Q: 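My structure is below; once you've seen it, I'll send some questions.
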Amino acid sequence: MCGELTAADDGKDVVLMGWVQRRRDLGALIFVTLRDRTGIIQIVFNSDTDPELHDKALGVRSEYVLAVKGTLKRRSPDAVNKNMPTGEVEVIASELRILGKSETPPFHIEENSDANEVLRLKHRYLDLRRPDLQRNLILRHRVAKVARDYYDENGFIEIETPVLGRSTPEGARDYLVPSRVHPGKFYALPQSPQLFKQLLMVSGFDRYMQITKCFRDEDLRADRQPEFTQIDLEMSFVDVEDVISVNEGFVRRVFKETLGIDLPTPFKRLTYNEAMTRFGSDKPDTRFGLELTDVSDIVKTSGFKVFADAIANGGSVRTINAKTAGGSFSRKEIDALADVVKTYKAKGLAWMVIEEGGVRSPIAKFLSEEETSAIINRLNGEAGDLLLFVADKDEIVFDSLGHLRLVLGEKLGLIDKNTYEILWVTEFPLFERDEEENRWVAKHHPFTSPMDEDIEYLDSNPGRVRAKAYDIVLNGYELGGGSIRIHDQELQNKMFNLIGFSDEEAKERFGFLLEAFKYGTPPHGGLAFGLDRLVMLLTKTDNIRDVIAFPKVQTAADLMTNAPDVVDAKQLEELSIETVTKSE
RNA sequence: GGCCCGGUAGUUCAGUUGGUUAGAACGCUAGCCUGUCACGCUAGAGGUCGAGGGUUCGAGUCCCUUCCGGGUCGCCA
């Protein structure tokens with residue numbers, strides 16, 4: 001193929017098929033660069049040697065599909081193009097067939113296209129001709145292949161689960177599919193195959209995996225699509241360590257086979273609590289420092305009411321030392337940092353620049369000398385450092401400083417884009433508080449097992465119960481997550497009750513699962529990786545659309561097919577559906 | 001639902017305090033050209049300034065509404 005020919009093929013007869021990248025017409029001599037998915041190569045048409053063929057080449061335009069027969073020749077030394085992988089050779093054409101003509105494309109097909117994304121998405125089939133997107137999708141294919149090979153070698157069976165299922169409460173909004181046969185009833189597309197894979201454990205498929213589409217009707221982000229792909233798996237007779245070790249093997253294999261990188265083993269571990277207190281995030285980017293420091297004890301009796309009150313109300317005061325930024329950040333830049341934390345509901349950002357022999361800070365006058373020097377001590381402050389403080393409820397302090405840390409890391413150039421930092425975050429809380437509904441909800445999902453040593457607190461203090469749940473985090477992205485499940489019927493019922501389901505409700509919603517658990521359920525657990533995100537990180541793109549062949553835009557629409565769209569009244573009628581127009 | 005950013009030839013963009021006929025580069029079309037590879041040279045075509053309304057003697061430029069897209073908060077067990 002085009003990109004695979006080298007000087008070693010000198011003299012060979014070749015037949016090439018591909019698209020015209022460019023035509024350079026020098027009069028009696030025409031050069032065409034032909035492109036296929038392997039690369040590009042130069043074809044030469046010379047009117048001296050074959051006027052008829054040359055005439056035919058005159059009509060060739062960009063993106064025409066050609067079949068060219070010819071002889072591969074080494075170029076003369078002065079004609080070699082060092083910028084081109086096949087630049088040492090070219091094909092002297094002897095025959096040309098135009099297999100398909102092309103209109104002038106709406107944008108130029110090239111690597112690193114600067115064409116507008118809307119335009120590219122409307123003509124995605126053209127966008128996908130570009131080498132960078134082709135590389136991404138080919139790498140995606142290889143990751144999927146490694147997954148199937150690796151899990152197969154480790155005894156996993158790939159089993160498909162239904163796409164048309166039932167809607168379950170909790171979690172994301174469902175995509176619904178109306179039933180024609182059952183007027184007024186709906187299927188839901190799966191948010192994940194969670195329940196089915198647990199049932200497969202009950203069935204005795206002790207190791208299951210599947211590469212599968214999941215659907216969540218929530219707002220999109222740079223790393224979130226409404227339909228996305230999971231590498232989903234579940235194992236019987238395991239505890240946390242078993243799941244972690246099998247999947248560590250998978251991730252190492254993917255990195256080895258796609259990028260040639262040996263990831264260190266074992267991967268680092270952080271408990272949820274550590275991750276939050278040190279990085280302000282349950283998916284910390286550990287490629288750089290700027291860790292959080294708690295100074296609550298120093299300032300709890302401070303004259304600065306903002307600090308003292310936050311602590312009195314059960315919150316904390318935490319600090320990031322942005323090394324060296326004190327000298328370089330303008331007032332305006334510091335204000336911009338304050339805007340960052342305000343996004344996450346922090347009321348403000350206090351700051352302190354350490355200078356030779358003193359500090360410059362709007363809060364200095366509220367702090368005693370002892371307090372100031374204790375803070376500087378704890379943060380190993382030196383002249384030129386910028387200390388940034390947030391005082392609030394822990395949740396807000398962590399969230400705002402965690403995000404501020406990322407902004408600072410980027411701004412101070414502390415992030416090495418060529419490294420991969422991977423780690424497991426473990427011991428997540430089992431529950432979190434839903435303030436709106438004033439109840440406990442499962443942080444992971446309602447089938448997650450509590451840690452054995454915390455079961456005793458289920459009734460007395462649900463908030464302190466830790467779960468056998470784990471996430472795998474790569475460069476600050478949640479790559480995957482999972483848990484050991486509850487396989488005890490009584491415990492499962494208790495769990496439902498704690499999140500506010502009556503026995504009847506639980507039975508109605510998950511009756512089939514509870515019923516199944518009556519018949520001999522092995523201890524089991526699993527994990528799911530976000531394939532799109534994994535590929536996104538491997539290809540170093542920052543946008544999930546670049547690793548999906550036909551992605552949707554922020555409004556969940558497909559600009560190429562124009563989905564979603566209205567349907568015939570007849571179709572609606574068959575489905576017993578009437579639409580209403582919402583008024584303001 | 002909130003906040004921020006963007007929309008001007010096919011494409012990427014420029015367009016001053018509101019002022020004559022809205023420009024450039026690339027692409028496209030035609031002609032010339034035998035070693036180009038971002039080929040070169042000459043000529044030409046190409047515009048609903050996202051849409052609608054308003055202010056004004058005059059709007060790409062100011063105001064309002066709206067559409068499309070991006071980022072983000074909420075949301076995403």
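Letters A, B, ... mirror the listed sequences (proteins, then strands); counts begin at 1. These values consider heavy atoms only, across backbone and side chains, with no hydrogens, waters or symmetry-generated copies. Note that the structure is predicted; figures quoted are calculated from it, not measured.
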Q: On a whole-Å scale, what distance lies between the C1' atoms belonging to B:U16 and B:C62?
A: 15 Å
Q: Distances under 3.5 Å only, N/O to N/O: pair up the protein atoms with those of nucleotides 38-42 of chain B.
A:
| from | atom 1 | to | atom 2 | distance (Å) |
| --- | --- | --- | --- | --- |
| B:C39 | OP1 | A:Arg22 | NE | 2.8 |
| B:C39 | OP2 | A:Arg22 | NE | 3.4 |
| B:C39 | OP2 | A:Arg24 | NH1 | 2.9 |
| B:C39 | N4 | A:Asp25 | O | 2.3 |

Q: Who is the Watson-Crick or G-U wobble partner of B:U61, with both distances under 3.5 Å?
A: none
Q: Holding to salt bridge (charged side-chain N to carboxylate O under 4.0 Å, His left out), I want the full list of residues that pass it with A:Glu4, two or more places apart in sequence or in another chain.
A: none
Q: Using a heavy-atom cut-off of 4.0 Å across all strands, would you classify A:Arg120 as base, sugar-phosphate, or nothing?
A: nothing
Q: Please tell me which of the listed nucleotides, B:C76, B:G69, B:C37, lies nearest to the side chain of A:Thr555?
A: B:G69
Q: Quick one: ring-ring contact (aromatic ring centres under 6.0 Å, His included) partners of A:Phe517, sequence neighbours excluded?
A: none
Q: Taking NZ, NE, NH1 and NH2 as the nitrogens, is one of them in A:Lys122 or A:Asp127 under 4.0 Å from a carboxylate oxygen of the other?
A: no
Q: Among residues 493-505 of chain A, which ones have heavy-atom contacts with RNA chain B below 4.0 Å?
A: none
Q: Mind checking the P distance from B:C63 to B:U56? Whole angstroms is fine.
A: 16 Å
Q: N/O contacts under 3.5 Å, protein versus nucleotides 9-15 of chain B?
A:
| from | atom 1 | to | atom 2 | distance (Å) |
| --- | --- | --- | --- | --- |
| B:G10 | O2' | A:Pro106 | O | 3.2 |
| B:U12 | OP1 | A:Asn116 | N | 2.5 |

Q: Under a plain distance cut-off of 3.5 Å, with no hydrogens placed, do A:Thr212 and A:Asp232 share a side-chain donor-acceptor pair?
A: no
Q: Restricting to salt bridge (charged side-chain N to carboxylate O under 4.0 Å, His left out), what partner residues turn up for A:Asp532, sequence neighbours left out?
A: A:Arg140
Q: Roughly, in whole Å, what's the span from NZ in A:Lys552 to P in B:C76?
A: 21 Å
Q: Measure the distance from CG on A:Asp558 to C1' on B:G69 and round it to the nearest whole Å.
A: 14 Å
Q: Between atom CD1 in A:Ile41 and atom P in B:G35, what is the gap in whole Å?
A: 21 Å
Q: Provide the distance between the two P atoms, one in B:G1 and one in B:U55, to the nearest whole Å.
A: 31 Å
Q: Who passes salt bridge (charged side-chain N to carboxylate O under 4.0 Å, His left out) against A:Arg22, sequence neighbours left out?
A: none
Q: Pick the P atom in B:G40 and in B:G35, then give their distance to the nearest Å.
A: 15 Å
Q: So A:Val118, base contact, sugar-phosphate only, or nothing? Heavy-atom distance under 4.0 Å.
A: sugar-phosphate
Q: Taking the nucleotide of RNA chain B with the closest heavy atom to each, which residue, A:Ala557 or A:Ser192, is nearer the 5' end?
A: A:Ala557
Q: For A:Asp434 and B:G74, give me the distance from atom CG to atom P, rounded to whole Å.
A: 14 Å
Q: Classify the nucleic acid contact of A:Ala79 as base, sugar-phosphate or nothing, counting any heavy atom under 4.0 Å across all strands shown.
A: base
Q: Is there a donor-acceptor contact under 3.5 Å linking the side chains of A:Ser76 and A:Asp78?
A: yes
Q: Side chains of A:Gln21 and A:Arg129: any donor to acceptor distance under 3.5 Å?
A: no
Q: Check the distance between B:U36's C1' and A:Gln21's CD and give it to me in whole angstrom.
A: 15 Å
Q: What's the closest nucleotide to the side chain of A:Leu559 if the choices are B:C73, B:C37, B:G69?
A: B:G69
Q: Of all the choices, B:G71, B:U36, B:U29, which nucleotide is nearest to the side chain of A:Phe31 once you look at every atom?
A: B:U36
Q: Once side chain to side chain donor-acceptor pair (under 3.5 Å) is applied, what residue pairs with a partner in residues 425-434 of chain A remain, sequence neighbours excluded?
A: A:Glu427-A:Arg466, A:Glu432-A:Lys443, A:Arg433-A:Asn438
Q: For B:C26, give its Watson-Crick or G-U wobble partner with both distances under 3.5 Å, or none.
A: B:G10
Q: Quick one: salt bridge (charged side-chain N to carboxylate O under 4.0 Å, His left out) pairs with a partner in residues 480-489 of chain A, sequence neighbours left out?
A: A:Glu234-A:Arg485
Q: Mind checking the C1' distance from B:G54 to B:G15? Whole angstroms is fine.
A: 24 Å
Q: Salt bridge or not for A:Arg130 and A:Asp132, using N-O below 4.0 Å?
A: yes
Q: Should A:Asp558 and A:Lys552 count as an ion pair when the cut-off is N to O under 4.0 Å?
A: no
Q: Can you tell me the distance, in whole Å, between the CG atom of A:Leu29 and the P atom of B:U36?
A: 10 Å
Q: Who is the Watson-Crick or G-U wobble partner of B:C49, with both distances under 3.5 Å?
A: none
Q: May I ask you to list the residues of residues 212-230 of chain A, by number, that have any heavy atom positioned under 4.0 Å from an atom of RNA chain B?
A: A:Arg216, A:Glu218, A:Asp219, A:Arg221, A:Ala222, A:Arg224
Q: Using whole Å, report how far CD1 of A:Ile544 lies from C1' of B:G70.
A: 16 Å
Q: Can you tell me the distance, in whole Å, between the CD atom of A:Glu90 and the C1' atom of B:C37?
A: 10 Å
Q: State plainly whether the residues A:Glu478 and A:Lys283 are in salt-bridge range, i.e. N to O under 4.0 Å.
A: no
Q: Is it true that A:Gln210 and A:Thr161 share a donor-acceptor pair across their side chains at a distance under 3.5 Å?
A: yes
Q: Do any side-chain nitrogens or oxygens of A:Gln554 fall under 4.0 Å of OP1 or OP2 in B:G71?
A: yes
Q: Within 45° of the ring axis of A:Tyr457 and under 6.0 Å from its six-membered ring centre, is that where the NZ or CZ of A:Arg464 lies?
A: yes
Q: Among residues at least two apart in sequence or on other chains, which ones pass salt bridge (charged side-chain N to carboxylate O under 4.0 Å, His left out) with A:Asp36?
A: none
Q: Find the partner of B:U21: check Watson-Crick (N1-N3 plus N6-O4 or O6-N4) and G-U wobble (N1-O2, O6-N3) distances, both under 3.5 Å, and reply none if neither fits.
A: none
Q: Under a 4.0 Å threshold between the charged nitrogen and the carboxylate oxygen, would A:Arg75 count as salt-bridged to A:Glu88?
A: no
Q: B:G6 and B:G50: how far apart are their P atoms, nearest whole angstrom?
A: 13 Å
Q: With rounding to whole Å, what would you report as the distance between B:A14 and B:U8 at their C1' atoms?
A: 10 Å
Q: Under 6.0 Å from the six-membered ring centre of A:Phe329 and within 45° of its axis: does the NZ or CZ of A:Lys411 meet both?
A: yes
Q: Using the P atom as the reference point in each nucleotide, state the distance between B:G10 and B:A45 in Å, no decimals.
A: 15 Å
Q: Name every residue in residues 331-347 of chain A that has at least one heavy atom under 4.0 Å from any atom of RNA chain B, in order of residue number, or write none if there are no such residues.
A: A:Thr343, A:Tyr344
Q: Do A:Lys12 and A:Asp9 meet the salt-bridge criterion of a basic N to acidic O distance under 4.0 Å?
A: yes
Q: Considering every strand and a 4.0 Å limit on heavy-atom distances, what is the contact class for A:Leu121: base, sugar-phosphate, or nothing?
A: nothing
Q: What does A:Arg75 touch in the nucleic acid at a heavy-atom separation under 4.0 angstrom: a base, only the sugar-phosphate, or nothing?
A: base
